[in-house]
Number of protein chains: 2
Amino acid sequence: MPRASLSPGAVVGLALRIVDEEGPDALTLSAVAGRAGVATPSLYKHVRGLAELRGLVSGRVLAELTEIAAEAVLGRSGDDALRALMDGWRSYAARHPHRYSVLVQAPLPETAEAGDRLVGVMLAALRAYGLEGSAAIHAVRCLRAVTHGFAVLEAEGAFRLAEDLDESYALLAHMVVSGLRTAREMSAADSTPGR
Amino acid sequence: MPRASLSPGAVVGLALRIVDEEGPDALTLSAVAGRAGVATPSLYKHVRGLAELRGLVSGRVLAELTEIAAEAVLGRSGDDALRALMDGWRSYAARHPHRYSVLVQAPLPETAEAGDRLVGVMLAALRAYGLEGSAAIHAVRCLRAVTHGFAVLEAEGAFRLAEDLDESYALLAHMVVSGLRTAREMSAADSTPGR
DNA sequence: GAATTTGGCTAATGCCATTAGCTTTACGGC
DNA sequence: GCCGTAAAGCTAATGGCATTAGCCAAATTC
């Protein structure tokens, strides 16, 4: 009686609702089956197992994040684009903290390709800086580390003091743009003789 | 026959070895008991359960990291101290990637106090910048986000391109120090009229 | 309308955490 | 040197979960 009208996509959707409402640790095949009104083993007709489901969920989250980042960058460039990208990223993570936490230890092979698209968006956001080759890669890595680091810490409630988080994030964004602006000096200074 | 000479500390030690060798997901009471040469329920004489063990492990890792950060900062100040702190942090995470991953979703209450000490070290490292009150908090938050973000991504193998990671990290450090150096301008610019 | 594929089911297995209750060991006081 | 007690181990039992196997009904297709 295929009445539940399930599908891999629908299963991922239910999984996301569980993650949102009860946290990543509550994501269990048994819980998904419960919401679907179906016996647990039935899920195996749509998904290879819990591990694959986790990967699919992570992929979906990463896709959403990519979408948001891409929209944020649209029609902007330079510092403006960068700040918009960072703001969009953070606000997604803040809006869906549990969902974002799923990303934290997502299985690598499954999320790699989704991540590549996000990296593409970041590269585009950095285009105005005229970074070439490796320099662009290093910049993207820093951008990833910065945004992801802040998002993870905020999502898991690691910032426990009362100071305004928006201000902290503004400083972080300032670090990125000012650091990129002065990046040439850095490598110059590095190769300068005398300490 | 209390011959196994276990203790909470010894249990945490075994747990750390498991984490290092088989990854955080392999940390299970049954695995620890196996290494200890003891039946699983015996562990409950030393540890309240798996959740508490995880918390203790995270606490230990955070303590190690704090130790390393503190040593790195010793006898240095300013940019020098900051870079040493960042380098020590990253090298710890790179040396013990699985151990570092444990930190990623550690139970909050258990790791909060250990984290406070680490924050203290970071505040000390920033002392030379003369940041006052909230400004210091914002700076510490950025430092945490930056180092943690990079460490997490590196530990889980998220940087998949061939470019030298040391160079990426140097750029990140440059962002931090140059951002802090120019932080005053930022808030000035923010309150400047005319966008 | 019949055949095949699809999506659901029940039953069974095994691993893990956790609890309860028993037993033996080590140790401190006499 | 003996004895009582508390600590640290054990076995047995329970329950949740993932996963596999094999069955059966419903939908889809010819």
Side-chain angles (χ1 to χ4, degrees), chain A residues 1-60 98 101-102 105-111, chain B residues 1-60 98 101-102 105-111:
Chain A
M1 53 183 69
R3 212 196 243 126
S5 75
L6 280 183
S7 70
V11 171
V12 172
L14 290 171
L16 273 174
R17 281 176 44 196
I18 291 170
V19 167
D20 280 341
E21 295 169 20
E22 306 173 48
D25 291 347
L27 177 53
T28 178
L29 287 184
S30 156
V32 173
R35 296 226 177 186
V38 132
T40 307
S42 305
L43 295 177
Y44 285 80
K45 288 289 156 76
H46 306 284
V47 149
R48 209 184 293 276
L50 181 60
E52 183 180 276
L53 177 57
R54 287 216 186 97
L56 292 172
V57 167
S58 302
R60 187 113 130 206
H98 288 155
S101 295
V102 162
Q105 48 188 29
L108 254 199
E110 283 86 340
T111 49
Chain B
M1 55 181 73
R3 211 197 245 127
S5 73
L6 280 183
S7 70
V11 170
V12 172
L14 289 171
L16 273 174
R17 282 176 43 196
I18 292 171
V19 167
D20 281 339
E21 294 168 23
E22 307 173 49
D25 292 347
L27 177 52
T28 179
L29 286 184
S30 157
V32 172
R35 296 225 177 187
V38 131
T40 307
S42 305
L43 295 178
Y44 285 80
K45 288 290 155 75
H46 305 284
V47 150
R48 211 184 292 276
L50 182 59
E52 183 181 274
L53 178 57
R54 286 214 186 97
L56 291 172
V57 167
S58 301
R60 188 113 131 205
H98 288 155
S101 295
V102 162
Q105 49 187 27
L108 253 200
E110 283 86 340
T111 49

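All values reported here derive from a predicted model rather than from experimental measurement.
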Counting C-beta onward and ignoring hydrogens, is there a side-chain heavy-atom pair between A/Leu16 and A/Leu27 closer than 4.5 Å?
no
Write down the distance between CG (B/Asp25) and C1' (C/dC16), rounded to a whole number of angstrom.
14 Å
B/Leu53 has an atom CG; how far is it from atom P of C/dC16, in whole Å?
15 Å
Quick check on D/dA8: is either OP1 or OP2 less than 4.0 Å from any side-chain nitrogen or oxygen of B/Ser42?
no
Taking the minimum atom-to-atom distance to the side chain of B/Val38, which one of D/dG9, C/dG7, D/dT11 wins?
D/dG9
Dump every N/O contact between nucleotides 15-19 of chain D and the protein below 3.5 Å, one line per pair.
| unit_1 | atom_1 | unit_2 | atom_2 | d |
| --- | --- | --- | --- | --- |
| D/dC17 | O3' | A/Thr28 | OG1 | 2.7 |
| D/dA18 | OP1 | A/Thr28 | OG1 | 2.6 |
| D/dA18 | OP1 | A/Leu29 | N | 2.8 |
| D/dA18 | OP2 | A/Thr28 | OG1 | 3.2 |
| D/dA18 | OP2 | A/Leu29 | N | 3.4 |
| D/dA18 | OP2 | A/Ser30 | N | 2.8 |
| D/dT19 | OP2 | A/Tyr44 | OH | 2.8 |
| D/dT19 | OP2 | A/Leu50 | N | 2.8 |
| D/dT19 | O5' | A/Tyr44 | OH | 3.0 |

Look up atom CD in B/Glu52 and atom CD in B/Glu110, then write down how far apart they are to the nearest 0.5 Å.
8.0 Å
Min side-chain heavy-atom separation B/Val47-B/Val12 under 4.5 Å:
no
Indicate yes or no: does B/Glu22 engage B/Arg35 in a salt bridge with an N to O separation below 4.0 Å.
yes
From CZ (B/Arg54) to CD (B/Gln105), nearest 0.5 Å:
8.5 Å
B/His46 side-chain N/O to D/dA7 phosphate OP1/OP2 under 4.0 Å:
no
Compare all side-chain heavy atoms of A/Leu50 with those of A/Thr28 and state whether any distance is below 4.5 angstrom.
no
Starting at atom CG of B/Leu43, determine the distance to atom C1' of C/dT19, rounded to an integer number of angstrom.
14 Å
